Participant: 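What follows is a structure written as structure tokens; I'll ask about it next.
None of the values given here were measured: they were computed from a predicted structure.
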Amino acid sequence: MRRIHVGNALSAFGLGFTVPYLYVYVAQMRGLGAMTAGLVLAVFAVAALIVLPFAGRAIVRRGPLPVLVAALVTAAVGALSLGLSGSAASVLLSAAALGAGQAVMQPALATMIVDCSSADTRSRAFAMQFFLQNLGLGVGGLIGGHLVDTTRVSSFTLLFAIEAAMFLLLVGVLATVRMPHSPRLADAPAGSAKGSWKQLLGNRAMVQLSVLGFVIFFACYGQFESGLSAYGVEAAGISTSALGTALAANTLMIVVAQFAVLKFVERRRRSRVIAAVGLIWAVAWLAAGYAGLGHGSQEMATAAFVSTYALFGLGEAMLSPTVAPLVADLAPEGMAGQYNSAFALVKQLALAVGPAVGGPLGASLPGPYIVTFLLFSLGITVLALWLGRRLTAVQDRPWLARGTRVVTRGGASTGPVRADA
């Protein structure tokens, strides 16, 4: 588990080097224009949507470690070639390789955490993963900002080379990992993938969690660097430096509050924790509304806007030990990889749709934008409480399994099972 966490930190550290500077690199340093830079970002999403449906089955059949190693090598090749690419075609192909590799890393690492944890330790393990990811992204972005030089394309090539090196270093760290035995479907017929998706879709609790996950990622993560930033600049008059402060406040909140929040949520029902996050984010959107529509001073508007990102960070810290372990506990034995990949696919869909909807709306219709996402946040609360009625007692309150022989992971649920049953 320690090596897995080191791997999470290294991969996030590498991504932090390049993600904030990708647009500048493609559009300006390579002189390929804003259109190509936008296509690169779209290619990341498309590549993820293409590979994730197959990644789950590969993890189930082969185990997460071989799939993770393949994803890391693919991402390393994509990162290095992206740093050396000078034409639009090579940049887009490199971005496709990097995006595909990054997408498969998520469910593979999540499945490794599931295999190396128990019901007692799973929430803490996923909280640690989220903490290290954000810390790695923040530190990587900070160091990358000092290394990059907009007058020298070679400085960007160095960033991508460091990112590739981080992925390869992670291969070395995980190459010696001996995973505990867990059920695999290696002997299943090759054509049975369709059946596994049918089984997943027959799990009503998982379907409801996927719908809830889409709303969560659409209403929060899908707005960070698109709709909400556009709203802040256009409606609230937020400067670019204040926008950077808001993003830093989000990361700082996660890093500072993660383990304090963990102690709070570990003994609370998962469905109610998620419902509480919806209410917290509703307050965040009200703060954003005040920033842009409250007609207060610029200082008050900036403070309200920064608090919006901080409140989002608090909600994220509550979700990290809640949602991912719930996905694992809903998966039947041997199917954690399939379920993790399906949920990652839902996340990618939301992250693709969110900016496309939120960006134009936040820039041109600030009032309807705030109202829309305020309602989405309240929808998270409603959907979470609805999901709680379908979860078993142990799925919603995992601490009940401690010291018992209760099996927390199950297959399809055919009807509502009350958490207090």
Participant: Do the side chains of Ile59 and Pro107 get nearer than 4.5 Å, heavy atoms only?
Facilitator: yes

Participant: Between Ser341 and Gly56, is there a donor-acceptor pair closer than 3.5 Å when you use the side chain of the first and the backbone of the second?
Facilitator: yes

Participant: When you measure from the side chain of Thr36 to the backbone of Gly33, do you find a donor-acceptor pair of N or O atoms at a distance under 3.5 Å?
Facilitator: no

Participant: Going by heavy atoms in the side chains, are Ile143 and Phe13 under 4.5 Å from each other?
Facilitator: yes

Participant: I need the Phe131 CZ to Ile254 CD1 distance, nearest 0.5 Å.
Facilitator: 10.5 Å

Participant: Under a 3.5 Å distance rule, please check whether Asn340 uses its side chain to pair with a backbone N or O of Ala108 as donor and acceptor.
Facilitator: no

Participant: Kindly compute the distance separating CD1 (Ile4) from CG (Leu174), expressed to the nearest 0.5 Å.
Facilitator: 7.0 Å

Participant: So, for Ala47 and Ala100, which heavy atoms are closest and what is the spacing to 0.1 Å?
Facilitator: CB-N, 3.8 Å

Participant: Kindly indicate whether a cation-pi arrangement holds for Arg268 with Phe264, taking the cut-offs as under 6.0 Å to the six-membered ring centre and within 45° of the axis.
Facilitator: yes

Participant: Of all heavy-atom pairs between Gln258 and Phe130, which one has the smallest distance, and what is that distance?
Facilitator: OE1-CD2, 3.3 Å

Participant: Any sub-3.5 Å donor-acceptor pair from Thr121's side-chain atoms to Ser117's backbone N or O?
Facilitator: no

Participant: Decide side-chain contact (heavy atoms from CB on, under 4.5 Å) for Arg122 and Asp329; before the verdict, give the C-alpha distance in whole Å, the side-chain angles of both, and the deciding distance to 0.1 Å.
Facilitator: CA-CA 10 Å; Arg122 194 162 294 143; Asp329 288 348; 2.7 Å; yes

Participant: Check side chain to side chain contact (heavy atoms under 4.5 Å, CB included) between Ala9 and all other residues, then give those that pass, not counting sequence neighbours.
Facilitator: Leu132

Participant: If you round to the nearest 0.5 Å, how far is CG of Asn8 from CZ of Phe126?
Facilitator: 9.5 Å

Participant: Please tell me if the side chains of Val67 and Thr111 come closer than 4.5 Å, counting only heavy atoms from C-beta onward.
Facilitator: no

Participant: Verify, without hydrogens or angle tests, whether Gln348 (side chain) and Ala103 (backbone) share a donor-acceptor contact under 3.5 angstrom.
Facilitator: no

Participant: Report the C-alpha separation of Val357 and Phe218 in whole Å, then their side-chain angles, then the decisive distance to 0.1 Å, and conclude whether the side-chain contact (heavy atoms from CB on, under 4.5 Å) test is met.
Facilitator: CA-CA 9 Å; Val357 174; Phe218 177 77; 4.1 Å; yes

Participant: Carefully, step by step, assess Asn250 and Glu316 under the rule side-chain hydrogen bond (donor to acceptor under 3.5 Å, both in side chains).
Facilitator: CA-CA 9 Å; Asn250 175 264; Glu316 292 174 75; 2.8 Å; yes

Participant: Report the C-alpha separation of Asn134 and Thr251 in whole Å, then their side-chain angles, then the decisive distance to 0.1 Å, and conclude whether the side-chain hydrogen bond (donor to acceptor under 3.5 Å, both in side chains) test is met.
Facilitator: CA-CA 6 Å; Asn134 281 275; Thr251 301; 4.8 Å; no

Participant: Identify the heavy atoms of Ala350 and Phe217 that sit nearest to each other, and give their distance.
Facilitator: CB-CB, 3.5 Å

Participant: Find the distance between OG (Ser87) and CG (Leu92) and round it off to the nearest 0.5 Å.
Facilitator: 8.5 Å

Participant: Which pairs, with at least one residue in residues 151-173 and sequence neighbours excluded, count as a salt bridge (charged side-chain N to carboxylate O under 4.0 Å, His left out)?
Facilitator: Asp149-Arg152

Participant: What residues, two or more places apart in sequence or in another chain, satisfy side chain to side chain contact (heavy atoms under 4.5 Å, CB included) together with Ala288?
Facilitator: Leu228, Tyr231, Trp285, Thr308, Ile370

Participant: Please list all pairs meeting salt bridge (charged side-chain N to carboxylate O under 4.0 Å, His left out) that have one or both residues in residues 83-92, counting only residues at least two apart or in different chains.
Facilitator: none

Participant: Just checking, any donor-acceptor pair under 3.5 angstrom between side chains of Asp396 and Ser271?
Facilitator: yes

Participant: At their closest point, which heavy atom of Val273 faces which heavy atom of Met318, and how far apart are they?
Facilitator: CG1-O, 3.8 Å

Participant: Go through it in stages, so that I can follow the logic: the residues are Asn203 and Tyr339, the test is side-chain contact (heavy atoms from CB on, under 4.5 Å), and I'd like the CA-CA distance, side-chain angles, deciding distance and then a yes or no.
Facilitator: CA-CA 11 Å; Asn203 187 330; Tyr339 277 58; 3.3 Å; yes

Participant: Applying salt bridge (charged side-chain N to carboxylate O under 4.0 Å, His left out), name anything that partners Arg3, two or more places apart in sequence or on another chain.
Facilitator: none

Participant: Measuring centre to centre across the rings, with the benzene-like ring taken for any Trp, is Phe156 within less than 6.0 Å of Phe160?
Facilitator: no

Participant: What distance separates Ile216 CD1 from Lys347 NZ, expressed to the nearest 0.5 Å?
Facilitator: 11.5 Å

Participant: Mark yes or no for whether Tyr25, through its side chain, and Val153, through its backbone, hold a donor-acceptor pair below 3.5 Å.
Facilitator: no

Participant: Nearest 0.5 Å, what's the OG-CZ distance between Ser307 and Phe312?
Facilitator: 10.5 Å

Participant: Main chain of His5, side chain of Gln129: is a donor-acceptor contact present, judged purely on distance under 3.5 Å?
Facilitator: no

Participant: Is a donor from one side chain sitting under 3.5 angstrom from an acceptor on the other, for Ser154 and Thr157?
Facilitator: no

Participant: State, to 0.1 Å, how close Met105 and Ser11 come at their nearest heavy-atom pair, and which atoms those are.
Facilitator: SD-CB, 4.4 Å

Participant: With side-chain contact (heavy atoms from CB on, under 4.5 Å) as the criterion, how do Leu345 and Leu49 come out once you've worked through the C-alpha distance, each side chain's angles and the decisive distance to 0.1 Å?
Facilitator: CA-CA 6 Å; Leu345 179 62; Leu49 295 177; 3.6 Å; yes

Participant: With heavy-atom distances below 4.5 Å as the criterion, would you say the side chains of Leu391 and Leu326 are in contact?
Facilitator: yes

Participant: Taking C-beta and beyond as the side chain, do Asp115 and Pro64 meet within less than 4.5 Å on heavy atoms?
Facilitator: yes

Participant: Quick one: list whatever passes side chain to side chain contact (heavy atoms under 4.5 Å, CB included) with Val371, sequence neighbours left out.
Facilitator: Leu375

Participant: Looking at Met112 and Leu68, what are the two nearest heavy atoms and their distance?
Facilitator: SD-CD2, 3.6 Å

Participant: Are Phe373 and Tyr369 close enough that their ring centers fall under 6.0 Å?
Facilitator: yes

Participant: Between Arg270 and Gln395, is there a donor-acceptor pair closer than 3.5 Å when you use the side chain of the first and the backbone of the second?
Facilitator: yes

Participant: Using a 4.5 Å cut-off on heavy atoms from C-beta on, say whether the side chain of Met335 contacts that of Gln199.
Facilitator: yes

Participant: Side chains of Gln338 and Arg57 only: does a donor on one sit below 3.5 Å from an acceptor on the other?
Facilitator: no

Participant: Kindly check if the number of other-residue, nucleotide or ligand heavy atoms within 6.0 Å of CZ (Phe259) is above 12?
Facilitator: yes

